[in-house]
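Following: one structure in structure tokens, then a few remarks.
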Amino acid sequence: MSNPSLLILPGDGIGPEVMAEVRKVIDWFGAKRDMAFDVSEDLVGGCAYDAHGTPLTDETMAKAQEVDAVLLGAVGGPKYDTLDFSVKPERGLLRLRKEMDLYANLRPAQCFDALADFSSLKKDVVAGLDIMIIRELTSGVYFGEPRGVFKEGNERVGINTQRYTESEIARVARSAFELARKRDNKVCSMEKANVMESGVLWRDVVQEIHDAEYPDVELSHMYADAGAMQLTRWPKQFDVIVTDNLFGDLLSDLAAMLTGSLGMLPSASLGAPMANGRPKALYEPVHGSAPDIAGTGKANPIACILSFAMALRYSFDKGDEATRLEEAVNAVLADGLRTADLLGEDGVQPVSTAEMGDAVVAKLDASL
Ligand code: IPM
Ligand code: MG
């Protein structure tokens with residue numbers, strides 16, 4: 001049997017630096033756990049634009065469709081801010097999501113024990129926090145038509161369209177209920193049914209899928225603005241949150257920051273199963289390309305490393321190995337190792353991106 005295939009797209013800014021550390025981890029699993037991957041690497045984002053005049057070539061898109069999983073670093077940077085919308089680095093990422101039909105974006109917000117003091121909230125509000133936001137990723141206002149800036153009389157009007165079909169809502173709701181069953185069996189769905197028709201439909205469909213297929217799961221509904229408030233007030237009331245593309249974008253940044261460490265959080269974007277039974281999948285850190293620190297060795301590689309742990313769990317059915325990797329990260333943090341984004345404790349000297357990666361690999365060794 002051939003090895004499972006991985007396409008690595010390091011992207012821009014700190015993407016290549018953090019991905020270099022993930023490569024060490026992938027190599028470790030190949031060498032020590034008999035889990036070799038066929039790894040290929042390609043361009044996405046600004047670097048693809050520089051090389052090819054487009055943030056994602058058709059060839060790279062086709063490769064992404066064929067592999068078992070895609071691992072992405074980050075895209076974007078100030079150098080590309082003035083580019084036309086159609087070729088901005090972000091379009092490369094959005095095209096991958098859309099054409100691979102990665103409709104369920106899993107964004108865990110977990111507070112690492114060693115880092116509970118880093119949150120801007122009180123320690124008892126966040127200690128032990130473990131919630132999962134499932135963001136719909138292929139529809140809604142990100143993709144709805146009509147969109148654009150148009151002339152209306154003698155002024156311009158900017159238009160985007162929030163649009164959801166029943167089946168788009170139903171499939172992401174199912175993802176949320178399935179995942180909840182493996183966790184604390186609770187789903188909170190967030191929309192703005194008080195002002196948006198698409199929110200009314202969202203609420204109805206989530207409720208219908210629940211009643212027909214998942215009556216055992218505890219379901220609640222919340223307006224997304226109240227959800228933001230509740231997330232900062234007492235986040236531990238939540239287990240799984242399911243929400244649309246735009247609210248999910250906002251709420252997942254908010255939830256990530258509750259943990260005090262945006263540089264720590266991974267994500268998985270999953271689509272329908274392929275012929276081999278694995279879901280179409282792309283894994284990426286929640287953080288961006290951080291151009292201000294790119295090339296300085298200050299970046300935290302943990303979010304990207306944990307994204308690979310999610311790949312082990314959700315694409316390759318290796319939950320035990322994913323846990324091994326997550327525990328290695330926890331052990332490194334418990335030892336007091338901190339990259340520059342995690343400073344604040346007295347007398348702690350930051351370690352570099354590469355030192356953090358090496359330390360994780362050393363803990364993996366120690367786990368055998
Ligand atoms: C995210 C990012 C992206 C988004 C950008 C880079 C297009 O903010 O993944 O959350 O808005 O979805
Ligand atoms: Mg975002």
Side-chain angles (χ1 to χ4, degrees), residues 9-15 18-19 43-49 54-56 61 64 70-109 131-144 147 158 160-164 168 172 190 224 227-228 231 241-259 261-271 280-292 294 299 303-304 306-307 310-311:
L9 302 172
D12 306 320
I14 60 171
V18 295
M19 199 59 87
L43 302 177
V44 68
C47 58
Y49 176 81
T54 167
L56 187 77
M61 187 63 240
V70 178
L71 267 178
L72 188 138
V75 296
K79 182 179 161 194
Y80 309 105
D81 280 352
T82 53
L83 285 181
D84 186 75
F85 231 71
S86 61
V87 291
K88 271 193 194 300
E90 290 79 4
R91 297 307 309 174
L93 177 57
L94 294 171
R95 182 176 177 199
L96 282 164
R97 291 173 177 173
K98 186 70 180 173
E99 292 192 22
M100 291 172 75
D101 203 17
L102 305 170
Y103 58 86
N105 181 214
L106 279 51
R107 299 192 164 188
I131 60 184
M132 178 72 88
I133 295 193
I134 302 198
R135 166 187 177 194
E136 198 292 324
L137 201 59
T138 51
S139 186
V141 76
Y142 269 60
F143 295 100
R147 64 182 298 161
N160 290 91
T161 303
Q162 167 84 334
R163 180 178 191 278
Y164 270 108
E168 286 169 340
V172 74
M190 296 187 186
L231 266 171
I241 293 173
V242 63
T243 189
D244 75 13
N245 204 342
L246 183 60
F247 294 142
D249 184 41
L250 303 176
L251 293 171
S252 63
D253 263 29
L254 189 159
M257 208 53 218
L258 295 177
T259 71
S261 42
L262 194 54
M264 304 284 302
L265 294 174
S267 78
S269 303
L270 306 176
K280 276 260 164 82
L282 180 146
Y283 300 88
E284 58 178 319
V286 171
H287 65 66
S289 60
D292 51 323
C304 205
L306 291 176
S307 298
M310 289 189 92

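Atoms within each ligand, like the ligands themselves, are counted from 1 in listed order. Atom set for the values below is all heavy atoms of this structure, side chains included, hydrogens, waters and symmetry mates excluded.
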Practice prompt. Tell me which protein heavy atom sits closest to atom 5 (C) of ligand 1, plus the residue, atom name and distance to 0.1 Å.
Written response: E90 CG, 4.2 Å
Practice prompt. Compute whether any side-chain donor of one residue and acceptor of the other, for E90 and Y80, lie under 3.5 angstrom apart.
Written response: no
Worksheet item: Which is it for K88 and ligand 1 at heavy atoms under 4.0 Å: side chain, backbone, both or neither?
Response: neither
Fill in: Under-4.0 Å salt bridge between E284 and R97
yes
Practice prompt. Mark yes when over 12 heavy atoms from residues, nucleotides or ligands other than R163 sit less than 6.0 Å from its CZ; otherwise mark no.
Written response: no
Discussion item. Any heavy atom of H287 closer to ligand 1 than 4.0 angstrom?
Written reply: no
Discussion item. If we set the cut-off at 4.0 Å for heavy atoms, which region of R97 has an atom near ligand 1: side chain, backbone, both, or neither?
Written reply: side chain
Worksheet item: What's the atom name of the N, O or S in D249 nearest to the Mg ion (ligand 2)?
Response: OD1
Worksheet item: Can you find an N or O of R107 that's nearer than 3.5 Å to an N or O of ligand 1?
Response: yes
Fill in: atom 8 (O) of ligand 1: nearest protein contact (heavy atom, Å)
D249 OD1, 3.3 Å
Worksheet, complete the sentence: Among non-hydrogen protein atoms, atom 4 (C) of ligand 1 lies closest to Y142 OH, 3.4 Å
Worksheet item: For S269 and N105, does a side-chain donor sit closer than 3.5 Å to a side-chain acceptor?
Response: yes
Worksheet entry | Under-4.0 Å salt bridge between R135 and D249 | yes
Worksheet item: Has K98 got its NZ or CZ under 6.0 Å from the middle of the six-membered ring of F143, at an angle within 45 degrees of the ring axis?
Response: yes
Worksheet item: Can you tell me if Q162 and D244 form a side-chain donor-acceptor pair at under 3.5 Å?
Response: yes
Worksheet item: Can you tell me if R135 has a non-hydrogen atom under 4.0 Å from ligand 1?
Response: yes
